Amino acid sequence: VATLQVVVERPHLWQVAVNSRPLTNTKGAWWLDKNFAVYSIGDLCTAGKNRITLRSDRFTIHTELEPVYLRGNFSLKAQDKGFIVIPEISMTLGSWKDQGAPFYGHGVVYSHSYEIMPAANARYKVCLGNWQGTFARVRVNGEQAGIIAFQPAELEISHLLRSGRNQIDVIVYGSLKNLLGPHYNEDKPGAAWPRMFQRGAAKGYPAGSEYRVLGYGLMEDFRLVRSE
């Protein structure tokens, strides 16, 4: 996968390699935090098993190994131990975690075009049905219309519509919970402290189906509702 990248925290502490080939991080590039360096690895990976190696000259409190993040246009498939990388799956309605993106927590765009002839007294609003996310951003013809975060899950957009074809985008956002964890042995969603990660690690490498992630996404399509 040409787009593949690996992200490593505190790159100055590590020598990073993929399949025994040393890497240099992309100058000026970072992800999530400026201490998270980005390495392009697409040209170094092959079908089958690949190994990412981090080495340090000495072990200190700063070289405690945190997760190494893999980024790119790909999907994941659960296995008896963790996941494997597979070709990207096109998203549709439903939970992202069931469509090859269990750790994704940013935004997914859902779009529709409408042919509209607005009447003088007509009002239009975008309405969400069954959905899961931290909030949703609405965009009309490329302009920001506002956000939906609470009930009723709707937003007035009449002032942004024009006669003819209009494009409406609803961007649903997840959270960093799915990305950063904890991914197993949770007492309840929203709780996270060091012992949760330690308990999970003590049990070894869990199956992908055992990872605890939240099901973000539009479960049913959004609606454009007209009222007089």
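Since we're looking at a predicted model, the values are computed, not measured.
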Worksheet item: With sequence neighbours left out, which residue pairs that include part of residues 7-30 fulfil the ring pair (Phe, Tyr, Trp, His ring centres under 6.0 Å) condition?
Response: none
Fill in: Minimum-distance pair of heavy atoms, taken over all atoms of Leu32 and His106
CD2-CE1, 4.4 Å
Discussion item. Would you say that Met91 contacts Gln99 through its side chain, given a criterion of any heavy-atom pair below 4.5 Å between the two side chains?
Written reply: yes
Fill in: Single-linkage hydrophobic cluster Val38~Val6, side-chain heavy atoms < 4.5 angstrom
no
Practice prompt. Could you tell me whether the side chain of Asn166 and the main chain of Gly164 form a donor-acceptor pair under 3.5 Å?
Written response: yes
Worksheet item: Can you list every salt bridge (Lys or Arg N to Asp or Glu O under 4.0 Å) pair that touches residues 95-115, not counting sequence neighbours?
Response: Glu115-Arg165
Discussion item. By the definition ring pair (Phe, Tyr, Trp, His ring centres under 6.0 Å), identify the one residue from Tyr205, Phe83, Tyr211 that meets it with His183.
Written reply: Tyr211
Practice prompt. List the atom of Ile148, the atom of Trp131, and the distance in Å for their closest heavy-atom pair.
Written response: O-CH2, 3.8 Å
Discussion item. Would the distance check show the side chain of Asn19 and the main-chain N or O of Ile52 forming a donor-acceptor pair, the cut-off being under 3.5 Å?
Written reply: no
Practice prompt. Locate the shortest heavy-atom distance separating Ser40 from Leu23; write the atom from each residue and the value.
Written response: O-CD2, 4.3 Å
Worksheet item: Should we count CG of Asn121 as having more than 12 external heavy atoms under 6.0 Å?
Response: yes
Worksheet item: Can His112 and Asp169 be counted as having a side-chain donor-acceptor contact under 3.5 angstrom?
Response: no
Fill in: Asn178 side chain vs Gly174 backbone, donor-acceptor pair below 3.5 Å
no
Worksheet item: Does a side-chain heavy-atom distance below 4.5 Å link Leu160 with Asn141?
Response: no
Item to complete: Let me see the working for Val85 and Leu76 under side-chain contact (heavy atoms from CB on, under 4.5 Å), right down to the final yes or no.
Response: CA-CA 5 Å; Val85 175; Leu76 296 177; 4.0 Å; yes
Discussion item. Could you check, using the six-membered ring where one of them is a Trp, whether Phe36 and Trp31 have ring centers closer than 6.0 angstrom?
Written reply: no
Item to complete: Check Leu128 against Ala136 and note the closest heavy-atom contact, atom names and distance.
Response: CD1-CB, 4.0 Å
Worksheet entry | Interatomic distance, Leu224 atom CG to Ile168 atom CD1 [nearest 0.5 angstrom] | 4.5 Å
Fill in: Residues in side-chain contact (heavy atoms from CB on, under 4.5 Å) contact with Thr60, at least two apart in sequence or another chain
Arg58, His62, Thr63
Worksheet item: Could you give the distance from CZ (Arg123) to CD1 (Ile157), rounded to the nearest 0.5 Å?
Response: 10.5 Å
Discussion item. If hydrophobic clusters are built by linking Ile, Leu, Val, Met, Phe, Trp and Tyr wherever their side-chain heavy atoms come under 4.5 Å apart, do Val7 and Val16 end up in the same one?
Written reply: no
Worksheet entry | Worked verdict on Leu93 versus Met219 for side-chain contact (heavy atoms from CB on, under 4.5 Å) | CA-CA 5 Å; Leu93 296 176; Met219 309 308 157; over 6 Å; no
Worksheet item: Which residues satisfy the side-chain contact (heavy atoms from CB on, under 4.5 Å) test with Ile147, sequence neighbours excluded?
Response: Phe135, Arg137
Worksheet, complete the sentence: Distance col, row Gln132:CD vs Ser95:OG, nearest 0.5 angstrom, shows 8.5 Å
Discussion item. Are more than 12 heavy atoms, taken from residues, nucleotides or ligands other than Asp33, located less than 6.0 Å from that residue's CG atom?
Written reply: yes
Worksheet item: What about Tyr124 and Tyr114, are their ring centers closer than 6.0 Å?
Response: no
Item to complete: Is it possible for you to say whether Phe103 and Phe74 belong to one hydrophobic cluster, with membership spreading through side-chain heavy-atom contacts below 4.5 Å?
Response: yes
Worksheet item: Just wondering, are more than 12 heavy atoms of other shown residues or ligands nearer than 6.0 Å to CZ in Phe150?
Response: no
Practice prompt. Following the transitive rule for hydrophobic clusters with a side-chain heavy-atom cut-off under 4.5 Å over Ile, Leu, Val, Met, Phe, Trp and Tyr, establish whether Val108 and Val140 coincide in one cluster.
Written response: yes
Practice prompt. Examine Tyr104 together with Tyr216 and report whether their ring centres are nearer than 6.0 Å.
Written response: no
Worksheet item: With a 4.5 Å limit on heavy-atom distance, are the side chains of Gln15 and Pro22 in contact?
Response: no
Practice prompt. Kindly say whether Asn73 contributes a backbone atom to a donor-acceptor pair with the side chain of Thr3 at under 3.5 angstrom?
Written response: yes
Practice prompt. For Glu220 and Asn130, indicate whether the former's side chain and the latter's backbone hold a donor-acceptor pair under 3.5 Å.
Written response: yes
Worksheet item: Which pair of heavy atoms, one from Ile89 and one from Ser75, lies closest together, and at what distance?
Response: N-OG, 2.8 Å
Worksheet item: What are the two closest non-hydrogen atoms of Ser158 and Ala122, and how far apart are they?
Response: OG-O, 4.3 Å
Fill in: Residues which pass side-chain contact (heavy atoms from CB on, under 4.5 Å) with Glu154, listed by chain and number, not counting sequence neighbours
Lys125, Cys127, Pro152
Worksheet item: Are Ser20 and Thr53 close enough that some pair of their side-chain heavy atoms sits under 4.5 Å apart?
Response: no
Worksheet item: Judged by atom type as modelled, is there a donor-acceptor pair below 3.5 Å linking the side chain of Lys177 to the main-chain atoms of Pro182?
Response: yes
Fill in: Partner residues of Tyr39 under the ring-ring contact (aromatic ring centres under 6.0 Å, His included) criterion, sequence neighbours left out
none
Worksheet item: Do Tyr173 and Val109 share a hydrophobic cluster, counting only Ile, Leu, Val, Met, Phe, Trp and Tyr and linking them when any side-chain heavy atoms are less than 4.5 Å apart?
Response: yes
Discussion item. Treating Thr134 as the side-chain partner and Ser175 as the backbone partner, does any N or O pair qualify as donor plus acceptor under 3.5 Å?
Written reply: no
